[in-house]
Amino acid sequence: MSEKVRGILTSCRFFSEVRGESLDRLVSMARLRHYAKGELVFRQDDPCPGVFVVGSGSIRIFKTAPSGKEHVLHFVDPGLTFAEVAAIGGFACPAFAEATEESTCVLLPTEPFTRALRNDHSLCLQLMSSMAFWVRHLIGLMEDIVLRDAAGRLARHLLEACGPEGETFTLSSLKKDLASHLNLTSETFSRTLRRFADASLIEQLEGGRLRILRHDDLKNVADGLYPVL
């Protein structure tokens with residue numbers, strides 16, 4: 001199991017710079033966790049179990065309003081982490097986490113992880129660089145909401161989700177969850193996707209698969225430059 005844990009940690013951007021004794025310390029404290037589709041990893045306001053690293057599957061992070069309405073904050077795919085800020089800061093889980101498909105995660109429990117941070121100066125320095133990338137990611141999310149319209153947000157997401165130009169791909173979550181993540185209604189999401197298809201920017205295939213037909217033009221939409229759809 002330790003080699004599987006080590007492989008998941010070293011393939012994770014957050015821990016990719018951790019080496020030697022620091023990495024060995026993380027591997028020794030790690031716990032492998034498996035989740036069925038639809039299983040909650042933790043609830044909002046629960047004590048933070050620790051830092052999670054996704055090895056396979058996908059986890060959605062969402063908040064629930066008093067009215068019961070859900071808003072998806074982001075999806076965590078293999079190689080990414082969640083609950084790291086709560087673990088390091090010592091506060092409760094700020095949102096719910098749920099497996100959207102069968103998933104495997106490495107858990108670094110809060111107590112031994114924070115103890116390692118106090119005692120391992122090298123580990124702290126390595127993680128500071130990783131935290132900077134996470135802050136940049138959050139700034140990008142804010143830019144999407146403030147500076148991009150519905151078409152721009154969806155276009156940017158499609159460009160990030162696709163493989164090489166011309167290859168087909170499948171959106172990794174339910175449309176309603178993805179719409180929530182992009183701060184769109186389900187109706188706006190579907191309507192914008194149809195507009196992209198009508199403009200021959202994308203091709204919608206069977207089984208929910210998509211193909212980007214005009215990569216540069218879709219990038220212009222993401223940048224708010226072209227075309228008027």
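These figures come from a predicted structure and were not determined experimentally. Computation of the quantities below employed the complete heavy-atom set of this structure, encompassing side-chain atoms and omitting hydrogens, waters and symmetry-equivalent molecules.
Heavy-atom neighbours of Gln44 CD from other residues, nucleotides or ligands within 6.0 Å: above the threshold of 12. The local environment of CD in Glu70 is crowded, with over 12 non-hydrogen atoms from other residues, nucleotides or ligands closer than 6.0 Å. Around atom CZ of Arg43, no more than 12 heavy atoms belonging to other residues, nucleotides or ligands sit under 6.0 Å away.
Nearest heavy atom pair, residue Val53 against residue Phe15, reads CG2-CE1, 3.6 Å. In plain terms, the two heavy atoms of Ala36 and Ala99 that are nearest each other are O-CB, 3.5 Å. Between Gly57 and Ser103, the closest heavy-atom pair is CA-OG, 3.5 Å. Leu184 approaches Ala150 most closely through the heavy-atom pair CD2-CB, 3.5 Å. Between Ala97 and Ile61, the closest heavy-atom pair is CB-CD1, 3.7 Å. Taking all atoms of both residues into account, the shortest heavy-atom contact from Pro78 to Ser56 is CG-CA, 3.8 Å.
Atom-to-atom distance recorded for Lys219:NZ and Leu158:CG is 14.5 Å, nearest 0.5 angstrom. Atom-to-atom distance recorded for Thr104:OG1 and Lys4:NZ is 5.0 Å, nearest 0.5 angstrom. Put simply, CD1 on Ile59 and CZ on Phe42 are 9.0 Å apart, with the number rounded to the nearest 0.5 Å. Between the NZ atom of Lys63 and the SG atom of Cys93 there is a distance of 10.5 Å, given to the nearest 0.5 Å. Separation of atoms OG (Ser200) and CG (Leu213) is listed at 6.5 Å; rounding is to 0.5 Å. Note: Gln204 CD to Phe196 CZ = 10.5 Å, rounded to the nearest 0.5 Å.
A donor-acceptor pair under 3.5 Å is formed between the side chain of Ser11 and the backbone N or O of Ile8. In terms of modelled atom types and a separation under 3.5 Å, the side chain of Arg153 and the main chain of Ala151 share no donor-acceptor contact. With hydrogens and angles disregarded, no donor-acceptor distance shorter than 3.5 Å links the side chain of Asp120 to the backbone of Ala116. A donor-acceptor pair under 3.5 Å is absent between the side-chain atoms of Thr100 and the main chain of Arg60, judged by distance alone.
For Asp24 and Arg6, the salt-bridge test passes: some basic side-chain N is under 4.0 Å from an acidic carboxylate O. We find that Arg33 and Glu39 are not joined by a salt bridge, their nearest charged nitrogen and carboxylate oxygen being 4.0 Å or further apart.
If you run side chain to side chain contact (heavy atoms under 4.5 Å, CB included) between His215 and each of Leu159, Leu201, Asn220, only Leu159 comes through. Residue Glu203 is tested with Arg214, Arg211, Arg209 for a salt bridge (charged side-chain N to carboxylate O under 4.0 Å, His left out); the sole match is Arg211.
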| request: Under the side chain to side chain contact (heavy atoms under 4.5 Å, CB included) rule, what do Leu117 and Leu123 come out as? Steps first, then yes or no, please. | output: CA-CA 6 Å; Leu117 291 180; Leu123 178 62; 4.0 Å; yes
| task | Go through the steps to decide whether Leu26 and Val106 satisfy the test side chain to side chain contact (heavy atoms under 4.5 Å, CB included), and finish with yes or no. | result | CA-CA 10 Å; Leu26 296 180; Val106 166; over 6 Å; no
| Can you list the steps and then say if Val54 with Asp77 is a side chain to side chain contact (heavy atoms under 4.5 Å, CB included)? | CA-CA 6 Å; Val54 179; Asp77 294 322; 5.9 Å; no
| task | For the pair Ile88 and Phe113, evaluate side chain to side chain contact (heavy atoms under 4.5 Å, CB included) and give the outcome as yes or no after the intermediate values. | result | CA-CA 8 Å; Ile88 294 172; Phe113 181 72; 3.8 Å; yes
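Two different hydrophobic clusters hold Leu205 and Ile202 under the rule that ILVMFWY side chains link at heavy-atom gaps under 4.5 Å.
The shortest distance between side-chain heavy atoms of Val85 and Phe91 falls below 4.5 Å. Side chains of Thr64 and Phe62 form a contact here, defined as non-hydrogen atoms less than 4.5 Å apart.
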